[in-house]
Amino acid sequence: HMCKQYKKEMQVRDDAWLALQETCILANEESSKQKELALLRATQDASLVASLQIQLSEHQEGRAMQRVEQQLVTQASRQRRLSSHAALLEEQLETERSAFAAERE
């Protein structure tokens, strides 16, 4: 009878020990899963930040290019105005030269 009682107690102890071990294993797994999840989130955040930085720099480059293009367009139209103004002045000068030559004759 004492033997049976002892065996039963030992069995309860063993069960308790196994349950405790199982709980520890589960807790460790959960902890490592949480760590994994945290790492994954951090990685995703980092890649999102990197992606946004790339988009921002591309956007800034694009805007810089637009500014340069706008400046080129502005310079080109200014150049055209100057050219037509110069042509007009040459025309006037030519007219005045021929008028002057006509007066001298």
Side-chain angles (χ1 to χ4, degrees):
H1 185 71
M2 288 281 287
C3 272
K4 278 184 183 176
Q5 185 67 29
Y6 181 71
K7 271 187 175 176
K8 207 180 256 183
E9 278 178 20
M10 291 308 287
Q11 188 60 49
V12 167
R13 262 191 213 154
D14 283 351
D15 289 349
W17 177 244
L18 284 173
L20 183 64
Q21 280 182 311
E22 209 169 283
T23 305
C24 285
I25 288 168
L26 287 174
N28 281 338
E29 279 178 7
E30 189 178 331
S31 165
S32 70
K33 286 262 188 299
Q34 284 174 342
K35 282 179 195 161
E36 216 175 295
L37 188 61
L39 187 65
L40 185 65
R41 280 198 186 124
T43 307
Q44 284 176 336
D45 287 350
S47 66
L48 179 65
V49 166
S51 159
L52 287 174
Q53 283 174 334
I54 289 170
Q55 287 177 13
L56 179 64
S57 68
E58 284 173 354
H59 179 67
Q60 286 170 339
E61 282 172 21
R63 285 183 58 183
M65 286 301 292
Q66 282 178 336
R67 279 197 297 274
V68 168
E69 285 169 8
Q70 188 57 48
Q71 287 171 347
L72 287 174
V73 167
T74 304
Q75 284 176 343
S77 75
R78 190 177 296 150
Q79 193 66 45
R80 280 195 301 275
R81 280 200 309 273
L82 286 173
S83 293
S84 65
H85 188 59
L88 188 66
L89 286 175
E90 276 179 33
E91 227 174 82
Q92 288 175 351
L93 189 60
E94 197 53 47
T95 306
E96 285 178 17
R97 273 194 194 133
S98 53
F100 184 68
E103 278 178 21
R104 281 180 51 192
E105 285 174 4

[atom1]-[atom2] distance between [X] and [Y], expressed to the nearest 0.5 angstrom:
| X | Y | atom1 | atom2 | answer |
| --- | --- | --- | --- | --- |
| Gln34 | Leu37 | CD | CG | 8.0 Å |
| Glu36 | Ser32 | CD | OG | 6.5 Å |
| Arg81 | Ser77 | CZ | OG | 4.5 Å |
| Leu48 | Thr43 | CG | OG1 | 12.0 Å |
| Cys24 | Glu29 | SG | CD | 11.5 Å |

Kindly write out the residues that satisfy side chain to side chain contact (heavy atoms under 4.5 Å, CB included) with [X], not counting sequence neighbours, or none if the list is empty.
| X | answer |
| --- | --- |
| Glu22 | none |
| Gln55 | Ser51, Leu52 |
| Glu94 | Arg97 |
| Thr74 | Gln70, Arg78 |

_Determine whether a donor-acceptor pair (N or O, by modelled atom type, separation under 3.5 Å) exists between the side chain of Ser83 and the backbone of Gln79._
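Yes, Ser83 side chain to Gln79 backbone: donor-acceptor pair under 3.5 Å.
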_According to side chain to side chain donor-acceptor pair (under 3.5 Å), who are the partners of Gln11, at least two apart in sequence or on a separate chain?_
Asp15
*Applying side chain to side chain contact (heavy atoms under 4.5 Å, CB included), run through Met10 and Tyr6 and close with a yes or a no.*
CA-CA 6 Å; Met10 291 308 287; Tyr6 181 71; 3.8 Å; yes
*Min side-chain heavy-atom separation Leu26-Glu30 under 4.5 Å*: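 No. Closest side-chain heavy atoms not under 4.5 Å.
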*Run the side chain to side chain contact (heavy atoms under 4.5 Å, CB included) check on Val49 and Gln53 step by step: do they pass?*
CA-CA 6 Å; Val49 166; Gln53 283 174 334; 4.0 Å; yes
*Could you identify which residues cluster with Leu93, counting Ile, Leu, Val, Met, Phe, Trp and Tyr as linked when any side-chain heavy atoms lie under 4.5 Å apart, either directly or through a chain of such contacts?*
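Besides Leu93, the cluster holds no residue at all.
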*Look at atom CD of Glu91 and say whether more than 12 heavy atoms of other residues, nucleotides or ligands are closer to it than 6.0 Å.*
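Incorrect, the count does not exceed 12.
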*Check whether more than 12 heavy atoms from other residues, nucleotides or ligands sit under 6.0 Å from atom CD of Gln92, and answer yes or no.*
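Above 12, so yes.
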